[in-house]
Amino acid sequence: MKVLLFGKNGQVGWELQRSLAPLGELVALDRHSTDFCGDLANLDGIRETVQKVRPQVIVNAAAYTAVDKAESDTATAHAVNAEAPGVLAEAASAAGAWLLHYSTDYVFDGSGDKPWEETDPTGPLSVYGRTKLEGEQRIAARCAQHMILRTSWVYAARGGNFAKTMLRLAAERDRLTVVSDQFGAPTGADLLADVTAHMLRSALAGSAAGFAGTYHVAAAGETSWHGYARFVLECAAKGGKALRASPDAVDPVATSAFPTPAVRPHNSRLNTSKLRGAFGLRLPAWQQGVARMLAEIT
Ligand code: NDP
């Protein structure tokens, strides 16, 4: 079996290189790959890649994720997040392959405090959210064998992340100010990659398109960025790390205090019942993954 992965060096893509390897022969690409085209802005190139590789499974972890930059770089965000998934869907359908793709809670308007269900009405607030939603719609229209995983607040041990920023600031300053009116669940790229491999195994062993559709996936529980920051500093303090700012020195602040080009949703909570029921999975509490990541990086 052949698995074709786009976006191999992103947070999720890096972990997928590990979790997808046991499924079969893995062809993993990024935008600079020279053996096959992995640049999602090159629509003819990625179509040709699918035709040449002839995979049974395509996983797309590449995306235009610079949420603020997307507000002004609309054409590129649209090509990568909306048009490219549509092309991958057409190519997957022609090859008889499964397409697994990632999307975001930013397809919703962030209102209320109820965890979003897959069937809730969408209402993106930003170019990023709108282009990701269009990507979902193009996939659903063009490839029956698809799985779209909407997630939120993704972190990874590799590269920069919110926890590392908090630790750096807490070493430099006596007090920190962190947004307390956006809610979600920090979700590890490693968890997403493991869930992906499990879903693909089930889909490949199951009946035709029985598992096709959109699923919400996030770690269990919820917090605000303020609660997340406090947790990071609590873990660091327990681990004996010397910091100037204690967990109690993290001050809550409203989103409106930090204006950004793209509007962020206040409610990023995702209801994961559908995924857990369909695939027999248990999703761990967000604190478990964050504590593990902190143990790896400190
Ligand atoms: P990252 O930003 O870590 O990775 C995205 C990858 O896409 C990067 O390696 C980037 O490469 C690559 N990329 C960008 N443009 C292109 C292009 N034209 N051709 C090929 N590759 C390209 O994102 P995550 O791993 O966190 O995100 C994975 C998925 O999860 C995405 O679909 C994202 O929308 C979704 N998601 C992410 C969330 C988050 O908090 N991060 C939250 C919710 C959903 P390069 O580094 O070269 O730019």
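Order of listing sets the numbers, starting from 1, for every ligand and every atom in it.
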Using a 4.5 Å side-chain heavy-atom cut-off and chaining through intermediate ILVMFWY residues, the residues clustered with Leu88 come out as Leu4, Phe6, Val27, Leu29, Phe36, Leu40, Leu43, Ile46, Val50, Val53, Ile58, Tyr64, Val80, Val87, Leu99, Ile139, Ile148
Cluster membership besides Leu133, Ile/Leu/Val/Met/Phe/Trp/Tyr side chains within less than 4.5 angstrom, sorted by chain and number, is Val107, Phe108, Trp116, Leu270
Pairs where residues 258-282 contributes a residue and the test ring-ring contact (aromatic ring centres under 6.0 Å, His included) is met, not counting sequence neighbours:
Phe211-Phe279, Tyr215-Phe279
Go through Arg130 and Glu134 one step at a time and tell me if the salt bridge (charged side-chain N to carboxylate O under 4.0 Å, His left out) criterion holds.
CA-CA 6 Å; Arg130 280 196 291 281; Glu134 197 178 324; over 6 Å; no
Assert yes or no for the condition that the ring centre distance of Trp225 to Phe183 is strictly below 6.0 Å.
no
Steps toward side chain to side chain donor-acceptor pair (under 3.5 Å) verdict (Thr214, Glu118):
CA-CA 7 Å; Thr214 298; Glu118 287 80 354; over 6 Å; no
Name the residues with a heavy atom less than 4.0 Å from ligand 1?
Asn9, Gly10, Gln11, Val12, Arg31, Gly38, Asp39, Leu40, Ala41, Ala61, Ala62, Ala63, Thr65, Val80, Tyr102, Ser103, Thr104, Tyr128, Lys132, Thr151, Ser152, Trp153, Val154
